[in-house]
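One structure is given here, and the rest of the page talks about it.
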2 protein chains.
Amino acid sequence: MNDKPKGESPKSATGATMADVAALARVSRAVVSRAFSVDPRPISPEKRERVLKAAAQLGYQPNLLAQSLTTKRTNLVAVVVNHIHDLSDLDLFDCLLNAMQSLGKQVLFIRVNSVDRVEQFLRNGVAHHVDAALVWSDFADAATVRQMFRSDFAVMLNGRPDPLSPAVVPDSTIGIRAAVRDATEKGVRTAALVTGRESSPVEQARIQIYLHALSEHGVTLVQTVRAGDYTYQSGYQAGASFLSDKVPDAVFCTSDASAMGVLDACRAHFPESRPTRFRLYGYDNLSLTDFAAYPISSVGYDQEEFVEHIARFVAEPNSFTPGDPPVSVPTRFISRLTG
Amino acid sequence: MNDKPKGESPKSATGATMADVAALARVSRAVVSRAFSVDPRPISPEKRERVLKAAAQLGYQPNLLAQSLTTKRTNLVAVVVNHIHDLSDLDLFDCLLNAMQSLGKQVLFIRVNSVDRVEQFLRNGVAHHVDAALVWSDFADAATVRQMFRSDFAVMLNGRPDPLSPAVVPDSTIGIRAAVRDATEKGVRTAALVTGRESSPVEQARIQIYLHALSEHGVTLVQTVRAGDYTYQSGYQAGASFLSDKVPDAVFCTSDASAMGVLDACRAHFPESRPTRFRLYGYDNLSLTDFAAYPISSVGYDQEEFVEHIARFVAEPNSFTPGDPPVSVPTRFISRLTG
DNA sequence: CTGTTAGCGCTTTCAA
DNA sequence: TTGAAAGCGCTAACAG
């Protein structure tokens with residue numbers, strides 16, 4: 001109890017500052033700094049004790065913004081997305097948020113649904129000072145991201161790898177091949193492919209893998225339907241293609257959302273719980289495919305595992321060496337009623 | 001083109017600073033500050049021109065962290081949630097993110113799925129310095145939030161209003177009454193209520209409104225099923241209650257997710273596309289209820305409108321005066337196949 | 001309109 | 001081990 005701190009009085013509006021604590025504990029500000037430092041710094045136990053006590057008394061909180069001015073580290077991580085409409089995002093982001101927070105990072109969500117927004121963020125915001133940027137949005141390549149955020153550390157998750165940045169990508173090959181194999185084992189000989197937004201590199205790659213897997217297993221691709229984007233609605237429209245007499249043995253969709261649309265479009269005409277005229281395969285393994293109404297066979301990866309890789313890169317940036325190949329997370333085939 | 005800036009050379013690692021620009025443009029740092037200020041400050045057009053040009057040349061970006069050290073404003077807004085599992089979140093957060101960014105704010109997502117996490121955030125992070133906290137999580141009251149974030153500006157969206165903080169709440173009454181009225185008009189006399197996590201004040205209030213609306217319309221509540229939380233799975237389990245011969249005329253669920261579960265549970269036994277033995281009403285008006293498989297009559301509010309109110313509070317904190325009542329956003333009833 | 005001068009709250013040499 | 005002092009990058013009076 002120091003009844004007369006000699007520094008200026010704590011301004012409750014702003015919160016107590018280091019100077020207030022230093023005055024109360026009768027030490028220098030430097031000592032306060034050391035007392036709060038995470039890595040060991042020279043300080044006598046008694047003084048540390050005094051400081052901590054004084055801090056508690058004043059309700060002192062180190063100002064991390066001020067801190068970051070000198071340390072150049074903000075404990076902020078940016079998550080850059082096109083939007084968060086996609087159902088698949090929900091499952092992932094909760095997991096991600098949790099992981100980042102466990103690392104002591106706080107997550108800045110940045111939505112860039114068009115390229116012209118990029119400019120806006122260059123002007124605006126604290127975003128420049130994040131420790132790392134986790135990039136889902138495919139609006140930009142790694143180079144752009146690295147300059148957009150002053151951070152030199154971007155983790156690419158948008159299928160646009162870059163030798164200078166770490167990347168994590170699901171390895172669709174395994175899962176898709178398993179799906180196609182499953183189909184052939186059930187007698188599928190012809191197939192249709194329902195694709196999403198083809199400007200996305202991820203989608204491009206996925207399509208190639210399907211094409212390859214199909215030909216590899218001797219399945220003839222008789223039809224390709226561009227469904228516009230990964231939405232239910234686009235899938236529903238695409239579904240109209242499969243109502244005629246002449247339908248392929250199987251329909252592969254590059255997203256579960258589209259597959260759900262296809263399924264419902266068929267149900268609108270033939271009220272079975274699954275399309276009996278063809279087998280249906282989705283992609284993403286949305287938690288929704290566990291709902292009874294959408295028992296869609298799908299391809300997915302372990303999101304915890306995916307996020308773990310990201311977290312590792314964030315926690316130990318040095319675990320990445322320029323030139324390292326993208327980390328790949330295996331996918332697997334999940335069989336459900338439609339497949 | 002100044003071929004010899006007289007200040008220190010720009011350190012490309014950190015990025016150019018105000019001093020670099022000032023040197024290049026041959027003005028004082030204060031002038032640079034003014035040139036970049038949003039609100040009008042005295043500066044001659046020529047000098048502003050020179051500064052902007054120099055800045056462009058150097059790729060200078062004002063450091064908003066440093067800025068906030070003096071201005072006490074960070075342009076950061078915290079969104080505090082329990083988690084982002086709920087399907088209803090998806091629709092809302094994208095909208096919110098967009099709105100905040102339009103205001104030039106960046107959004108910090110903070111996930112506090114348990115009360116003990118609060119402590120962690122008190123120690124950690126930049127969160128203390130946000131300009132505003134938008135609170136969905138019901139883990140804490142306004143007072144706690146106000147001290148958790150040093151910000152004195154919290155917007156309560158969790159149904160825990162506080163005289164000192166603005167709040168926005170959906171006015172469930174309108175929509176729920178409309179739903180019940182719709183039911184009675186269709187001959188409903190008895191009803192069951194499927195409830196969610198009752199520790200949530202929002203849920204508590206919602207239940208009361210249902211009870212009131214039911215009795216008001218002369219509908220007898222014959223059964224209440226606690227479905228645990230707002231999930232499909234809990235709804236599915238609850239659905240078992242409605243498979244016997246003796247079922248109520250209508251089942252009201254306090255969330256669409258539960259209603260979807262109830263619907264599928266019934267379908268598992270009676271393969272109609274809607275439960276023919278009772279009418280089914282949900283709540284939230286999830287975009288999923290527009291999917292053909294879940295044509296659930298529901299109660300919802302206009303999310304754009306909801307978010308607009310929030311945005312207004314953030315943009316003009318003074319539009320709130322302590323003691324003001326919560327802003328309420330009307331809900332409406334959306335009739336679909338099941339209702 | 002402009003430049004000078006203090007800070008904002010904290011970290012980090014560098015002597016003591 | 002400690003404290004003084006010099007910044008980090010920027011804003012905000014205050015004279016001129």
Side-chain angles (χ1 to χ4, degrees), chain A residues 6-51 55 58-75 123 125-126 128-129 150, chain B residues 6-8 10-51 55 58-75 125-126 128-129 150:
Chain A
K6 56 187 175 198
E8 58 274 53
S9 67
K11 323 121 192 179
S12 63
T14 324
T17 86
M18 172 179 264
D20 300 323
V21 177
L24 218 201
R26 276 163 303 148
V27 295
S28 72
R29 282 149 62 225
V31 171
V32 177
S33 174
R34 291 180 189 122
F36 275 90
S37 169
V38 279
D39 26 47
R41 284 182 183 290
I43 182 177
S44 67
E46 319 87 287
K47 295 221 168 176
R48 167 200 293 289
E49 202 57 36
R50 281 224 309 271
V51 169
L58 264 40
Y60 165 74
Q61 292 295 341
N63 182 335
L64 286 110
L65 256 35
Q67 219 171 277
S68 69
L69 238 191
T70 43
T71 60
K72 310 291 181 199
R73 300 183 62 261
T74 56
N75 274 348
R123 287 250 152 281
V126 192
H128 298 277
H129 306 282
R150 195 161 304 158
Chain B
K6 57 186 174 199
E8 57 274 53
K11 323 121 194 180
S12 62
T14 324
T17 88
M18 171 178 265
D20 300 323
V21 177
L24 218 200
R26 275 161 303 148
V27 294
S28 73
R29 281 148 63 226
V31 171
V32 177
S33 174
R34 291 180 191 121
F36 276 90
S37 170
V38 279
D39 26 48
R41 284 182 183 290
I43 182 177
S44 68
E46 319 88 287
K47 295 222 167 175
R48 168 201 292 289
E49 202 56 37
R50 279 223 311 269
V51 168
L58 264 42
Y60 165 73
Q61 290 297 337
N63 181 335
L64 285 111
L65 256 35
Q67 218 171 278
S68 69
L69 204 51
T70 43
T71 60
K72 309 289 183 202
R73 301 181 62 260
T74 56
N75 275 347
V126 192
H128 298 279
H129 306 282
R150 195 162 304 158

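We name chains A, B, ... by the order of the sequence lines, and we start the count at 1 in each one. For the numbers below, each heavy atom of this structure counts, side chains included, while hydrogens, waters and symmetry mates do not.
- In terms of phosphate contacts, K47(A) brings a side-chain nitrogen or oxygen within less than 4.0 Å of OP1 or OP2 of dG3(D).
- Within the 4.5 Å cutoff, no side-chain heavy atoms of S68(B) are placed close to those of H129(B).
- Residues S28(B) and A66(B) each lie close to DNA chain C; by heavy-atom proximity, the contact nearer the 5' end of the strand is made by S28(B).
- Two residues are said to be in side-chain contact when any heavy atoms from C-beta on lie closer than 4.5 Å; D20(A) and T17(A) meet this criterion.
- In this structure, F36(B) atom CZ and dG9(D) atom C1' are separated by 13 Å, rounded to whole Å.
- The nearest whole Å value for the distance from the OH atom in Y60(B) to the C1' atom in dG9(D) is 7 Å.
- Dashed line: the shortest gap from a side-chain N or O of T17(B) to OP1 or OP2 of dC8(D) is not under 4.0 Å.
- Atoms CG (D20(A)) and C1' (dG9(C)) sit 10 Å apart, rounded to a whole Å.
- In this structure, the side chains of V32(B) and V27(B) come closer than 4.5 Å at one or more pairs of heavy atoms.
- S68(A) has no side-chain polar atom (N or O) that falls below the 4.0 Å cut-off from OP1 or OP2 of dC8(D).
- We find that CE of M18(B) is positioned 16 Å from C1' of dG7(D), with the value rounded to whole Å.
- In this structure, R48(A) contributes its side chain and I43(A) its backbone to no donor-acceptor pair below 3.5 Å.
- Nucleic acid contact class of R41(B) (heavy atoms, under 4.0 Å, all strands): sugar-phosphate only.
- The CG-C1' distance, from N63(A) to dC8(D), rounds to 13 Å in whole Å.
- Checked against dT2(C), dG9(C), dT11(D), the side chain of T71(B) finds its nearest nucleotide in dT11(D).
- Between the P atom of dG7(C) and the CG atom of L69(A) lies a distance of 17 Å, rounded to the nearest Å.
- Note: CZ (R34(B)) to C1' (dA13(D)) measures 10 Å, nearest angstrom.
- Taking atom CZ of R73(A) as the reference point, atom P of dT12(C) lies 11 Å away to the nearest angstrom.
- Across all strands, S33(A) comes closer than 4.0 Å to base atoms (heavy-atom distances).
- Judged by distance alone, with hydrogens and angles left aside, the side-chain atoms of R29(B) form no donor-acceptor pair with the main-chain N or O of A19(B) at under 3.5 Å.
- With dG7(D), dC1(C), dA4(D) as the choices, the nucleotide that has an atom nearest any side-chain atom of S44(B) turns out to be dC1(C).
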